[in-house]
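Please read through the structure below; I'll follow up with questions.
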Amino acid sequence: MAIEGKTIGLALSGGGYRATLFGLGSLWRLNDAGLLGRLDRITSVSGGSILMGVLAHRWRQLQFIDGRADNFAQVVAEPVRAFCAKTIDVGAGLAGLLVPFKTAGDFLAHRYEKDLFGEATIKGLPPAAADTPKFIFYATNLQTGRSFRFRQDMVADYLLGVSYTTDVPLAVAVAASSAFPPIFSPVVLKTDPAAWSEGGKLPNLTALRKRIVLADGGVYDNMGLESLVDNVDVVLVSDAGAPFEVEEKPHEDHVLQLGRVRDILIDQTRALRKRWLIAELAAERKRGAYWGIGTQLAAYGSAPRMTADSPISDALEHVPTRLAAFDAERQGHLINWGYALCDVSLRARVGLPTPMAAAWPVPEWPL
């Protein structure tokens, strides 16, 4: 499980179904390159967590030979694409408004349970081992203001500490990771305070551990980098986060302007993390690659690549950040774009002697 003896980690960003499908293309290319089965750690946020939830839930079904699963399309890609053909945000959002004592996040978790994960739990995922990565789902703890991590063997928060009781439903972990405020948040997680250890010296620590209020992981870190960069040798980042849009006429009233302020704050923290990572990679203090949905293939110079920049690829970063049905064409373009950018990044940025991919994963929608 290594590149020249190095450990490998992958981060799957947030960004609704756009991120789920772009990330699917990235995973597909890593699989075809024989790297999927060699990953040591995968982190995910929001839309990326939908994809990683399916991957983790079905990991035992994948048939790996030399790091490549020959049944990846059937086991992972097909259920992800089927799910992304359904609109779930409107129904969950309305139900959260109309049904007392339940939030939209609760209904989001119900859809994940019904359509993808059933009664699977985090604890029931295959444990991290030589042939299985650590799967880390990120949410944001609205009480402590820190990232909250769901992993096969634990849940953790820097200030709350660590609990090794991980019988949290997988659907709840993915819902917490993708509970974008204010519509889908919060997702409330109730735990046994006695099961926790370590953590900060807070006077109300027991109460904070008993009822944990969570929102989308992207509020804290939209790329899920925190537990990745210091724990693996090779960092790979698939980022389908939305570009920040200039607004000529933002809302100016006291309430609605808060949404714009939230977006500015999230964009600035994301931009700082991205600039730091790219600077670390450029200075060769870190090894790895970053590819984003807005990355231009021209930036890779003369490196062989599957296609060229086009109006079709340029438009993909402006696909709405929603959990709303994507048709086959949009799905195919997003998957193929993630595949193409990952493909050239492995050679031009990571330095692998990987031949250029010979065919599109979704051949009916080439770029």
Side-chain angles (χ1 to χ4, degrees), residues 1-2 7-12 17 19-44 47-86 88 109-137 150-153 166-175 177-178 224 236 238 326 328 331-332 334-336 338-339 342 357 359-363:
M1 186 185 286
T7 53
I8 314 167
L10 171 67
L12 298 167
Y17 282 168
T20 305
L21 293 162
F22 181 82
L24 175 59
S26 300
L27 278 185
W28 211 323
R29 184 64 189 103
L30 291 171
N31 183 62
D32 287 349
L35 294 176
L36 181 62
R38 295 190 171 101
L39 294 176
D40 293 270
R41 185 176 290 232
I42 310 176
T43 65
S44 66
S49 289
I50 298 172
L51 172 62
M52 190 170 80
V54 174
L55 178 69
H57 184 236
R58 294 166 173 257
W59 185 266
R60 291 187 179 95
Q61 299 176 36
L62 292 171
Q63 299 166 356
F64 285 105
I65 299 176
D66 295 329
R68 180 184 184 277
D70 60 8
N71 59 344
F72 176 85
Q74 295 77 27
V75 172
V76 177
E78 289 180 7
V80 168
R81 295 193 65 185
F83 186 72
C84 291
K86 302 175 182 179
I88 66 169
H110 174 72
R111 283 302 301 265
Y112 293 148
E113 177 184 327
K114 174 176 175 287
D115 294 347
L116 291 174
F117 308 128
E119 297 181 356
T121 64
I122 294 293
K123 185 176 183 179
L125 296 176
D131 58 354
T132 305
K134 288 180 180 177
F135 297 108
I136 304 168
F137 300 85
F150 297 90
R151 208 171 77 182
Q152 294 109 306
D153 58 337
T166 55
D167 51 354
V168 178
L170 178 57
V172 171
V174 174
S177 182
S178 56
L236 305 175
S238 173
F326 283 8
Q331 287 197 21
L334 283 164
I335 292 168
N336 286 339
Y339 191 94
C342 179
W360 294 107
V362 188

- Message: Closer than 3.5 angstrom, by distance alone: can the side chain of Q152 be matched with the main-chain N or O of P133 as a donor-acceptor pair?
- Response: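 Between the backbone of P133 and the side chain of Q152 there is a qualifying donor-acceptor contact (under 3.5 Å).
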- Item | Non-hydrogen atoms of Q74 and P79 that approach each other most closely |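 Reported closest heavy-atom pair: O-CD, 3.5 Å.
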- Flag, side chain of R111 to backbone of L116, donor-acceptor distance under 3.5 Å: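 No; zero donor-acceptor contacts below 3.5 Å.
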- Item | Nearest non-hydrogen partners of A56 and P126, listed with the distance |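 Closest approach of A56 to P126: O-CD, 3.7 Å.
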- Nearest heavy-atom pair of S26 and G338: which atoms, and what distance?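 Scanning both residues, the minimum pair turns out to be OG-O, 3.7 Å.
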- Query: Just wondering, do R41 and I136 contact through their side chains at under 4.5 Å, heavy atoms?
  - Reply: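 Result yes, sub-4.5 Å side-chain heavy-atom pair found.
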- Query: At what distance, to the nearest 0.5 angstrom, does CZ of R58 lie from CG of L125?
  - Reply: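 Those atoms lie 13.0 Å apart.
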- Query: Which residues pass the side chain to side chain donor-acceptor pair (under 3.5 Å) test with D70, sequence neighbours left out?
  - Reply: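 With neighbours one apart ignored, the set is empty.
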- Item | Heavy-atom closest pair, residues K134 and A128 |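 Minimum heavy-atom separation between K134 and A128: CG-CB, 3.4 Å.
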- Task: Apply salt bridge (charged side-chain N to carboxylate O under 4.0 Å, His left out) to the pair D153 and R151, showing each step before the final yes or no.
- Result: CA-CA 5 Å; D153 58 337; R151 208 171 77 182; 2.7 Å; yes
- Any chance you could measure D131, atom CG, to R38, atom CZ, to the nearest 0.5 Å?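 The distance works out to 12.5 Å.
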What donor-acceptor contacts under 3.5 angstrom involve side-chain atoms of residues 27-34, with partners at least two apart or in another chain?
| from | atom 1 | to | atom 2 | distance (Å) |
| --- | --- | --- | --- | --- |
| R29 | NE | D343 | OD1 | 2.7 |
| R29 | NH2 | D343 | OD1 | 3.1 |
| R29 | NH2 | P355 | O | 3.1 |
| N31 | OD1 | A69 | N | 2.7 |
| N31 | ND2 | A69 | O | 3.0 |
| D32 | OD2 | Y339 | OH | 2.7 |

- Close side-chain approach of L55 and L62, heavy atoms under 4.5 Å: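 Side chain of L55 against side chain of L62, heavy atoms only: contact under 4.5 Å found.
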- Item | Point-to-point distance, once rounded to the nearest 0.5 Å, from CG of L51 to CZ of F22 |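 One gets 12.0 Å once the value is rounded to the nearest 0.5 Å.
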- Query: Would you say S177 and F150 make side-chain contact, with heavy atoms under 4.5 Å?
  - Reply: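 Side chain of S177 against side chain of F150, heavy atoms only: no contact under 4.5 Å found.
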- Message: For G47, is there any backbone N or O sitting under 3.5 Å from a side-chain donor or acceptor partner on T20?
- Response: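 Yes; judged by distance alone, with no hydrogens or angles, the pair exists.
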- Check against side-chain contact (heavy atoms from CB on, under 4.5 Å), L334 and Y17: CA-CA 10 Å; L334 283 164; Y17 282 168; over 6 Å; no
- Quick one: pull up CZ in F83 and CD1 in I88 and give me the separation to the nearest 0.5 Å.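 Result: 3.5 Å between the selected atoms.
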- Taking side chain as C-beta onward, heavy atoms only, is V54 less than 4.5 Å from F117?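 In contact.
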- F72 and L24, any side-chain heavy atoms less than 4.5 Å apart: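 Heavy-atom side-chain distance check passes, below 4.5 Å.
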- Item | Exercise: identify the closest heavy-atom pair between F137 and L170 |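 So the minimum-distance heavy-atom pair works out to CZ-CD1, 3.8 Å.
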- Query: Roughly how far apart are L236 CG and L35 CG, rounded to 0.5 Å?
  - Reply: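 The distance works out to 7.5 Å.
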- Message: Please determine whether side-chain contact (heavy atoms from CB on, under 4.5 Å) holds for the pair I50 and V174, giving the CA-CA distance in whole Å, both sets of side-chain angles, and the decisive distance to 0.1 Å.
- Response: CA-CA 6 Å; I50 298 172; V174 174; 4.1 Å; yes
- Any idea which heavy atoms bring A85 and Q331 closest together, and the distance?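 It is N-NE2, 3.6 Å.
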- Of S49, P169, S178, which is the lone residue that meets side chain to side chain contact (heavy atoms under 4.5 Å, CB included) with Y112?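 The passing option is S178.
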- Main-chain N/O of I8 paired to D40 side chain as donor or acceptor, under 3.5 Å: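 A pair under 3.5 Å: yes.
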- Item | For A19, all residues meeting side-chain contact (heavy atoms from CB on, under 4.5 Å), sequence neighbours excluded |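 Expected list: S13, A240.
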